[in-house]
Amino acid sequence: MKNQSITNNLDWICIIIYIMLVVMGWLNIYSSSLSSIEDTYEKQLIFILLTIPLIFIILSIDGKFYEKYASIIFGVSLLSLVGLFAFGKVIAGQRCWYSFGSFTLQPSEFAKAATALALAKYLSDTQINLKDVNRQIQALAIVFLPVMLILPQPDPGSALIYSIFIIVLYREGLPSWYVWTGFITILLFVLTLVLQPQYVILTALLVIVFIHFKSRLPDRNIVLSGILFTLISGFVLSVNYVFTHVFKQHHRDRFNILLGKTVDMKGIGYNTNQSEIAIGSGGWFGKGFLEGTQTKGGFVPEQHTDYIFTTVGEEWGFIGSLVVIALFAGLFLRIIYLAERQKTKFSRVYGYCVAGILFIHFFVNIAMVAGVFPTIGVPLPFFSYGGSGLWGFTILLFIFIKMDANKVNEW
């Protein structure tokens with residue numbers, strides 16, 4: 001009787017949007033892979049069919065299981081990432097996969113859900129106060145442990161996704177200066193690549209002086225302002241060194257193209273240029289399903305994976321793209337709405353993690369395809385080809401759907 005009650009309380013809005021996105025994703029993979037000799041659309045269909053028993057397994061497990069064993073799940077996930085250094089298969093210079101014959105599995109796709117569970121478990125402790133520096137360090141350690149294992153693979157795209165957890169922590173009481181520090185750091189980095197370092201330092205000095213004298217605080221701490229200026233100056237002066245000696249050549253090339261410092265339509269900028277052509281050629285209503293010339297001609301590399309949205313833009317046009325974006329937006333908002341209704345802090349925090357992970361994947365992928373973000377290999381949830389990605393996102397979402405259905409049994 002209890003199981004029946006939980007089944008009846010599943011959030012069908014989330015489930016219906018999920019089904020629509022998966023089906024639309026497969027249709028676009030089918031279209032984009034017709035020009036390829038690989039049977040990607042057949043493999044993706046198998047991956048989709050395998051999500052059905054996966055969903056039933058997730059929903060059949062008691063909702064408290066995920067909270068009780070969150071730490072163990074996180075530990076197993078970390079071990080799976082560590083194991084890649086010894087047993088991982090190298091594909092395109094990245095050691096991100098375990099190989100089982102012709103089948104590969106990418107553990108970083110599952111680590112996101114595991115990290116979300118671990119963070120929710122930690123923050124749901126009644127003694128946790130993120131105003132405490134020690135608690136801040138412990139919470140950030142949960143986030144950065146998988147990042148430290150993913151970056152050396154190297155997989156900067158997957159590592160970037162974990163930055164969204166800072167927003168979740170901010171929602172739960174992390175001081176706002178963490179968010180502002182991250183934003184200002186990124187802004188200073190980009191400005192230094194575009195302008196000369198001395199101009200960025202001078203601008204920073206003027207801003208600090210303005211804030212210093214405009215502040216209404218009783219004690220205007222000039223020493224603190226001086227320390228802040230020194231830190232900013234040191235960071236700005238180190239940007240060029242980091243960009244030249246730490247970033248790999250293809251990362252530098254992508255940033256230079258994005259910032260307009262290099263024009264390379266046939267080399268490293270080819271993907272972005274072709275994706276923009278494909279999307280722009282779709283017009284208002286698109287060329288029609290299977291009628292995209294850029295798609296059928298195979299002009300956009302990796303179109304069935306990271307650049308799948310170009311197929312949407314070309315064949316479905318602006319209106320079709322808007323529908324897809326609206327579905328994603330609806331899913332994000334629905335998850336946040338459900339998260340706020342949860343009766344336990346664990347479920348609420350996990351819900352925000354789910355919404356955040358899906359959103360940053362969506363945002364970065366669309367920005368990447370549109371040419372306003374460097375190409376770093378971030379898939380579009382439920383759309384991009386790949387079993388690990390599809391299963392990872394499915395697990396992430398349906399664990400929360402299970403938690404939400406189980407709230408009728410919470411006190």
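No hydrogens, no waters, no symmetry mates; every other heavy atom, side chains included, goes into these values.
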Can you tell me if [atom1] on [X] sees more than 12 non-hydrogen neighbours from other groups inside 6.0 Å?
X      : atom1 : value
Phe235 : CZ    : yes
Tyr69  : OH    : no
Lys345 : NZ    : yes
Met24  : CE    : yes
Tyr170 : OH    : no

[X] side chain vs [Y] backbone, donor-acceptor pair below 3.5 Å:
X      : Y      : value
Ser233 : Phe229 : yes
Tyr350 : Ala116 : no
Thr310 : Tyr307 : yes
Arg348 : Gln342 : no
Tyr66  : Ile61  : no
Trp284 : Ile319 : no

Relative to each other, are the rings of [X] and [Y] parallel, tilted or perpendicular (30° and 60° limits)?
X      : Y      : answer
Phe183 : Trp180 : perpendicular
Phe47  : Trp391 : perpendicular
Phe362 : Phe359 : tilted
His361 : Phe393 : perpendicular

Checking Arg341 against Leu338 for the side chain to side chain contact (heavy atoms under 4.5 Å, CB included) test, could you report, in this order, the C-alpha distance in whole Å, the side-chain angles of both residues, the deciding distance, and whether it holds? CA-CA 5 Å; Arg341 294 198 314 170; Leu338 294 177; 3.3 Å; yes
Quick one: do Tyr352 and Ile336 satisfy side chain to side chain contact (heavy atoms under 4.5 Å, CB included)? Show the steps, please. CA-CA 6 Å; Tyr352 270 95; Ile336 292 173; 3.7 Å; yes
Minimal non-hydrogen separation, [X] against [Y], with atom names:
X      : Y      : answer
Leu237 : Pro197 : CD2-CB, 4.3 Å
Arg95  : Gly88  : NH1-O, 2.9 Å
Ile15  : Leu10  : CD1-CB, 4.1 Å
Leu396 : Ala113 : CD1-CA, 3.7 Å
Tyr98  : Pro107 : CE1-CG, 3.8 Å

Do Phe328 and Phe383 pass the side chain to side chain contact (heavy atoms under 4.5 Å, CB included) test, and can you show the C-alpha distance, the side-chain angles, and the key distance before you say yes or no? CA-CA 11 Å; Phe328 273 109; Phe383 260 70; 4.1 Å; yes
Using the benzene-type ring in the case of Trp, are the ring centres of Tyr162 and Phe144 under 6.0 Å apart? no
Assess, by modelled atom type and distance only, whether the side chains of Thr394 and Tyr18 contain a donor and an acceptor separated by less than 3.5 Å.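 Per modelled atom types, Thr394 and Tyr18 side chains form a pair under 3.5 Å.
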Got a sec, which residues hit side-chain contact (heavy atoms from CB on, under 4.5 Å) with Ser388, two or more places apart in sequence or on another chain?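 With neighbours one apart ignored, the set is Leu105, Gln106, Glu109, Phe110.
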Leu333: partners by side-chain contact (heavy atoms from CB on, under 4.5 Å), with sequence neighbours left out: none
Can you list the steps and then say if Leu50 with Leu54 is a side chain to side chain contact (heavy atoms under 4.5 Å, CB included)? CA-CA 7 Å; Leu50 288 175; Leu54 179 62; over 6 Å; no
